[in-house]
Structure formats: structure tokens, C-alpha cells
Amino acid sequence: MSAIIIDGTAIAKQVLAEQKVIAGQLTARGNTPGLAVLLVGDDPASAVYVRSKERACREAGVQTFDTRLPADTSEADLLKHVDALNNDPKVHGILVQLPLPRHINAVKILQRIAVEKDVDGFNWRNLGALLDGHPALAPCTPSGSMILLDRSGVPVAGKHAVVLGRSSIVGKPAALMLLERNATVTVCHSRTTDLPAITRQADILLCAIGKPKMIGPDMIKSGAAIIDVGINRLPDGKLCGDVDFEAVKEKAGWITPVPGGVGPMTVAMVIANVVSAARRSTG
Ligand code: NDP
């Protein structure tokens, strides 16, 4: 039997509609949620991401403040821009679009964003809060993945969740969120031996490795929920995930497509974080 296809675009629209209601209430009280995006340089892929975030902001009634800086902007200048946004009461969330030019230390920039405006959830204090089970602003891709599971009726508690990838922005926080929801979690990475033996045990398999179509049907358990975070570009220009979607969907219980799965949810969760930061700013 073919898997249920988890429609990330539709679920993201629901999330944005819910956020629009809260944003409207905040606007009525004179506190319209605001997102500031800092884009350095002219990377075309970054410009596409920024436009999609701005579109989602408009859809949810969130104001945007755009700063586009030339590629040769110095680290010190960029820090000044971050400081100014940290001090601007109209701005509730700050996003610095990655990647930054090589001469800029991304960690230093990201950690300069005020913890209460860190809508990407990358600040070490926000990550620490997640570790302790009290996230205020959680990383958007893993939290979006959790919503996809929940709204698709995938049971999590007591299940074996296998996370492929251990980055600080996807794999590790996803593992923590699954653990918090009482899954038994295994985290795999490039040094894991006999990966298929582990992935075949997964009731939930979250793939965030950046290897096109690496996960085939022989690597999954029948009926498993497959969350494909990977975004890879094939030589013909098309996008694909880490999972061989067409083959795996015949064996899985649930599966997210790429595009149209986790990607739109990541954007929706940025907006949800901006709205929640705005709400907290009013006490
Ligand atoms: P990173 O490159 O930071 O991490 C990749 C992880 O995959 C590493 O932990 C690496 O292991 C592991 N890995 C690499 N190759 C293998 C392998 N053959 N077997 C097992 N593990 C492997 O990537 P990100 O976490 O930033 O992103 C992962 C993917 O998700 C990318 O395709 C990215 O484009 C996509 N992405 C999608 C988003 C969305 O909104 N849908 C948002 C963010 C990312 P090790 O640690 O040992 O090197």
C-alpha cells in the first residue's frame, strides 16, 4: 500500500492562518509582529529563501524590515546592524540569512542576536533551553517536522525514532524534540557503521544529511513515517530530498515530499516564532 503523503504546503498554510489571527490581535493592541532580515551579498539561493519568508510574513500579517548589504560588508558593520535591530522595538525577530561571506564569522553574528529575537532558535541560550525541555524559540526545521508528524496523526511516544544527521540546526534539536515527546531516539551520522541495520528499525525516520535519494526502500521499515529534511539539487536542476521518494512511498506509512514537505514548514515556524516573540514582548 502506498504511503500517506504529508502535505507540508497545506499544513504550513494552516499554521500561517493560525498565526495571522494572533498577529491581528497584537496589531489591534499596537504591537504588529515584525521580522527583520539581514541579507549580505547576492547569493541567488539566499535571495529566493528571503523572498519566501517575506511572502509568508505578508500572508500572516507580520511586518518585514529588509536590510540588504554588499558582499564586502565588514564583520564590525554587520554587528552594528544586528545591534540596531536588537534595540528596535518594532522588530521582534531577526534573521541573518546564511551563508555569510567567508570573511564574516557566522557564529559571532548569530550569537549577537538578542536571545528574545532569535527566531531561528540558534542562540546557545535557546538551544540550552531546548535541552532542558523549556524552549522559548526553538529551531524551525525540527519544530516544523514535529508539527508535520502531529498533524498527520503519526504516533511518537514509545516509538523508535532514528535521526540521520547531527547538525546543530536540524539533527541534534530534532533528536531532543523527539526525546522530549517520549520517542526512543537513535542519532546517526557519517561515522555510523551499518546504517541500514539501524534505519530499518525506525518507526520514524528523519533524514537530514544532504545526500540525494540516499535512502531507498531497502533501508526503511514497512509502514514507517519518513520525514525528509534534505534539499538537494540534481544535475537536471530539479530538487530532491535525501530519500528516494518514488520508491520509498510504496513501503512507508507516511512520507514528506521534496519540495512541498519540510521546507514550507520551516518558513511557517519562523513566522510562528516571530509572533510568539512579539506576544512575549508585551508580557
Ligand atoms: P550538515 O551538512 O550540517 O549536516 C549533515 C549531517 O549529515 C552531518 O551530521 C553528517 O555527519 C551527516 N551525514 C553526511 N553524510 C552522511 C552519510 N552518508 N550517512 C550518515 N550521515 C551522514 O547539514 P544540515 O543539517 O544543515 O542540513 C541537512 C540537509 O537538510 C541539507 O540537505 C540541507 O539543505 C537540508 N535543510 C533543509 C531545511 C528545510 O527547511 N527543509 C532546513 C535546513 C537544512 P557528520 O556530522 O559525521 O559529518
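Ligands are counted one by one from 1 in listed order, and the atoms in each one are counted from 1 as well. Side chains included, hydrogens not; waters and symmetry mates left out as well; all remaining heavy atoms used. In this chain, residues are counted from 1 in sequence order.
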Heavy-atom proximity to [atom], best of [options]:
atom	options	result
atom 33 (C) of ligand 1	Thr199, Val187, Ile215, Ile231	Ile231
atom 19 (N) of ligand 1	Met269, Met214, Arg233	Met214
atom 48 (O) of ligand 1	Ser190, Cys240, Gly263	Ser190

Are His92 and Asn273 close enough that a side-chain donor and a side-chain acceptor fall under 3.5 Å?
no
Could you tell me whether some N/O pair between [X] and ligand 1 is separated by less than 3.5 angstrom?
X	value
Asp242	no
Arg191	no
Lys211	no
Val229	yes

Below 4.0 Å from any atom of ligand 1, is there a heavy atom belonging to [X]?
X	result
Gly171	no
Cys188	no
Thr192	no
Met265	no
Thr141	yes

Report, in ascending order of atom number, the atoms of ligand 1 lying under 4.0 Å from any heavy atom of Thr266.
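What qualifies from ligand 1 is 39 (C), 40 (O).
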Please could you name the atoms of ligand 1 that Ile169 approaches to less than 4.0 Å, counting only its heavy atoms?
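Near Ile169, meaning under 4.0 Å from one of its heavy atoms, ligand 1 has 26 (O).
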Hey, is Val170 touching ligand 1 through its side chain, its backbone, both or neither, going by heavy atoms under 4.0 Å?
side chain
With heavy atoms only and a cut-off of under 4.0 Å, state how Ile209 meets ligand 1: side chain, backbone, both or neither.
both
Out of curiosity, does Leu85 fall in the hydrophobic cluster containing Val119 (side-chain heavy atoms, cut-off under 4.5 Å, transitive links)?
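As far as the 4.5 Å side-chain criterion goes, Leu85 and Val119 are not connected within one cluster.
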Answer yes if a protein heavy atom lies under 4.0 Å from atom 2 (O) of ligand 1, otherwise answer no.
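Within 4.0 Å of atom 2 (O) of ligand 1, no protein heavy atoms are found.
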